[in-house]
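A quick note: this is a predicted structure, and the numbers were derived from the prediction, not measured. Proteins get letters first, then strands, A, B, ... in listed order; numbering begins at 1 in each.
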Protein chains: 2
Amino acid sequence: MSHTLGVRQAQKQKTRQALLDAALGLLEDQSLSSLGLREVTRAVGVAPTAFYRHFCSTAELGVALVEEALGSLHETITTMLTTTGSNEERLGQTVELIARLVRTHPSHVRFIARERHGGVQQVRDAIGGQLARFTEEVAEGLAADPVSAGWSRDDLRMLAWHYVEHMVMTASVFLETPPERMDAAIDLATRQLRLVNLGRAHWLD
Amino acid sequence: MSHTLGVRQAQKQKTRQALLDAALGLLEDQSLSSLGLREVTRAVGVAPTAFYRHFCSTAELGVALVEEALGSLHETITTMLTTTGSNEERLGQTVELIARLVRTHPSHVRFIARERHGGVQQVRDAIGGQLARFTEEVAEGLAADPVSAGWSRDDLRMLAWHYVEHMVMTASVFLETPPERMDAAIDLATRQLRLVNLGRAHWLD
DNA sequence: CAGTTGGGATTACAACCGTTCACTGACTTC
DNA sequence: GAAGTCAGTGAACGGTTGTAATCCCAACTG
């Protein structure tokens, strides 16, 4: 399937990736709506006009970044869903996975948290759409769990959405937490998740 | 206490407020880090240099907006805390209060949601600090509730933080919800709150 | 190997930006 | 009522922005 690309295409994708990486770096202390095209090309060391060979606007670049960033988040979620063990074990592993995601892809997490409600509608919609798909996926995973017997489809989606939202929130909190306070932050997130799990266990009472 | 201000001071505060209002309007479809000072003064109909009489940068204007926006949110929270009734009643009233807040101050809600993780650190910190104070306040309110007997101080803060976070999240969801889907959104938020309340009821098991 | 393609460089432009400085004139103070 | 204060003005500055037109040359195609 994946045919070897010509030298030309390879080079193009290389600079395209360089643009994405540079943009992600610049977005650590500003938001997308203030990111200039010249700024990005300057960081890569390429002429301003070269930008147009890959994206027609910074908004489009933002959408591309969404796909990249939510890719790593998607991985994390699928890992969570396939994890087995007791409820309390899975809980700790889930939080640990979030912490690992923040450690390995901090700029992805920052980008998502920042642009989820950011100033560029195209990007907001892209993130919202992807998160909705994740929710559906999590809901399916939850449905497979015997704990969910008797749950309505709608209630499962409600729970899944709560999980996804809590995950993004937790990740952005971890991002701003200095290493020495990380233990406390992990503990807090774990207890919050335990709280929700408790509510889940008694939902059908 | 509140001495009648001179004509001069009154005029100054009037244009200051005009700047804040104009900025809030412009921030509906962009983020603070891309908001230009000229843009704001142009919207007010005032010379660019007049901006400096009130703020030394757009970041400082952002911090002022935080205080204004979180003022209305604070009102909502105190109303919530003083509401009485059964748990299920208070739950519905809480969600209704959030919906009302979004209806009456949509741009405030949008501003908070957008800049909470936005590109201007000064503003992020201001919002984070205020939300932390709200959390403390809510925790105190929760402690007064007989349901919280036996809860540790730390667990109460955890719960309070979860409530506050969920409130901001819910408000920003309501903001993007078209009127015809509002009922479903309110129902969803209510069930999520019920889920957490259920977890709360069984926390000490 | 001749011809075409297309990623990137160069140059140029008009529009806009934040900031400075000196200035005006209505309000305040004594 | 004279002197002083200060919110807002207007012009000018150096710098940056997005974008268009044109060119270059290495990589493709037949």
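Here dG8(D) is the nucleotide among dG8(D), dT19(C), dA27(D) with the atom lying nearest to any side-chain atom of V46(B). Checking dC27(C), dT19(C), dC28(D) against every side-chain atom of V7(A), the shortest atom distance belongs to dC28(D). Among the nucleotides dT19(D), dC28(D), dC17(C), the one closest to any side-chain atom of R42(B) is dC17(C). Of the listed nucleotides (dG18(C), dT9(D), dG7(C)), dT9(D) has the atom at the smallest distance from the side chain of A50(B).
Annotation: of the two residues near DNA chain C, G45(A) and T58(B), the 5′-most nearest-nucleotide partner is G45(A). Comparing R38(B) and R8(B) by the nucleotide of DNA chain D whose heavy atom lies nearest to each, the residue mapping closer to the 5' end is R8(B). DNA chain C is contacted by both C56(B) and A47(A); A47(A) maps to the nucleotide lying nearer its 5′ end (nearest heavy atom per residue).
Regarding R53(A), its CZ atom lies at a distance of 16 Å from the P atom of dA26(D), rounded to whole Å. As a whole-Å value, the separation of Q11(B) CD from dG8(D) C1' is 10 Å. Residue Q13(B) contributes atom CD, which lies 17 Å from atom P of dC27(C) at whole-angstrom precision. If you measure from atom CZ of F51(B) to atom C1' of dC16(C), you get 17 Å, rounded to the nearest angstrom. To the nearest angstrom, P of dA7(D) lies 13 Å from CG of L19(B). One interatomic measurement links the two molecules: CZ of F55(B) to C1' of dA7(D), which rounds to 14 Å at whole-angstrom precision. Nucleotide dG8(D) holds its P atom 11 Å from the NZ atom of K14(B), rounded to whole Å. For the pair L37(B) CG and dC16(C) P, the interatomic distance rounds to 15 Å; values are reported in whole Å.
Of all the heavy atoms in S148(A) and L142(A), the pair that sits closest is OG-O, 2.7 Å. Pairing each heavy atom of L61(B) with each of A23(B), the nearest pair is CD2-CB, 3.5 Å.
In E28(A), the CD atom is crowded: over 12 heavy atoms of neighbouring residues, nucleotides or ligands sit closer than 6.0 Å.
Aromatic ring pairs are classed by plane angle as parallel below 30°, tilted from 30° to 60° and perpendicular above 60°; the pair H105(A) and H108(A) is parallel.
The base of dG10(D) is paired with the side chain of T49(B) by a donor and an acceptor separated by under 3.5 Å.
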Q.
Test side chain to side chain contact (heavy atoms under 4.5 Å, CB included) on F174(B) and R100(B); report intermediate values, then the result.
A. CA-CA 10 Å; F174(B) 284 178; R100(B) 190 192 312 267; over 6 Å; no
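Distances shown here put a side-chain N or O of T15(A) below 4.0 Å from the OP1 or OP2 atom of dG8(C).
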